[in-house]
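Below is one structure; the comments refer to it alone.
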Amino acid sequence: MTLTPAAADKILSDNFAPWVLDLGLTVDSLDADGQGAVLRLPWSDRLAREGGGLSGQALMAAADTATVIAVSAARGGFVPMTTVQQSITFQRAVTGADVLVRARLTKAGKRMAFADITLCDAGTDEVAAHATAVYALLG
């Protein structure tokens, strides 16, 4: 079963905490091979830290959420899962621009999934952060 962006947006609205939904994430696209997803984190002054850059907490939450959508795309729908590990490196500040969050599964097994996530300033397409994540698949 191929997941559509509309179905992936419904996964967001049905399965995430209200504060995550407050980030305003939307699914821009899903990879044709079902191994990745691109989410858009819209710019908001509410998510900015002192100095005007998008907060690291918002970027980490966006990376984590994009991984759930990538795993769901690979599985053809949402399955129970949980984050086992996430690491992020911040490379440059994002100010006044949306962020494109590209999560790509590097391995998806029966019980574990591994992802590589790139967060880019949508205005310049420059990498703002890079993350990796490991998920336990519970269902």
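Along the sequence shown, the residues carry numbers beginning at 1.
- With contacts defined as side-chain heavy-atom distances shorter than 4.5 Å, the pair Leu137/Arg75 qualifies.
- Val101 and Leu105 fall within the same hydrophobic cluster, where Ile, Leu, Val, Met, Phe, Trp and Tyr residues are linked whenever their side-chain heavy atoms come under 4.5 Å apart, directly or through other members.
- Annotation for Ala131 and Ala63: closest pair CB-CB, 4.2 Å, computed over non-hydrogen atoms.
- The shortest side-chain heavy-atom distance between Thr83 and Tyr135 falls under the 4.5 Å cut-off.
- Put simply, the side chain of Arg104 reaches to within 4.5 Å of the side chain of Asp33, judged on heavy atoms.
- Taking both residues in full, the closest heavy atoms of Ala133 and Thr67 are given as CB-OG1, 4.0 Å, listed atom of the first, atom of the second, then distance.
- Put simply, Val38 and Ile69 are part of two different groups of oily side chains (I, L, V, M, F, W, Y) that touch within less than 4.5 Å, one to the next.
- Annotation: the span from Thr4 atom OG1 to Lys10 atom NZ amounts to 11.5 Å, rounded to 0.5 Å.
- Nearest heavy-atom pair across Ala122 and Arg40 is CB-NH1, 3.9 Å.
- Taking 4.5 Å as the limit, some side-chain heavy atom of Leu30 sits within range of a side-chain heavy atom of Pro5.
- In this structure the side chain of Asp14 never reaches within 4.5 angstrom of the side chain of Phe78, judged on heavy atoms.
- Minimum heavy-atom separation, Thr95 to Gly53: CG2-CA, 3.8 Å.
- Shown here for Gly24 and Pro42, the closest heavy-atom pair between the two residues is O-CD, 3.3 Å.
- In terms of heavy atoms, Gly123 sits closest to Ala97 at N-CB, 4.2 Å.
- A continuous path of hydrophobic side-chain contacts links Leu21 to Leu47 [ILVMFWY only; heavy atoms under 4.5 Å].
- Residues His130 and Asp116 are in side-chain contact: their nearest non-hydrogen atoms beyond the backbone lie under 4.5 Å apart.
- For the pair Leu41/Leu119, no side-chain contact is recorded, criterion being any heavy-atom separation below 4.5 Å from C-beta on.
- The pair Arg92-Asp121 counts as a salt bridge, with a side-chain nitrogen and a carboxylate oxygen less than 4.0 angstrom apart.
- A continuous path of Ile, Leu, Val, Met, Phe, Trp and Tyr side chains, each step under 4.5 Å between heavy atoms, connects Leu3 with Val79, placing both in one hydrophobic cluster.
- The main-chain N or O of Phe114 is found under 3.5 Å from a side-chain atom of Thr106 such that the two form a donor-acceptor pair.
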Quiz item: So Thr132 and Gln85, side chain to side chain contact (heavy atoms under 4.5 Å, CB included) or not? Walk me through it.
Solution: CA-CA 8 Å; Thr132 57; Gln85 181 275 334; 4.2 Å; yes

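- The main-chain N or O of Met60 is found under 3.5 Å from a side-chain atom of Gln86 such that the two form a donor-acceptor pair.
- By the rule that hydrophobic residues join a cluster once side-chain heavy atoms approach within less than 4.5 Å of another member, Val68 and Val134 end up as members of separate clusters.
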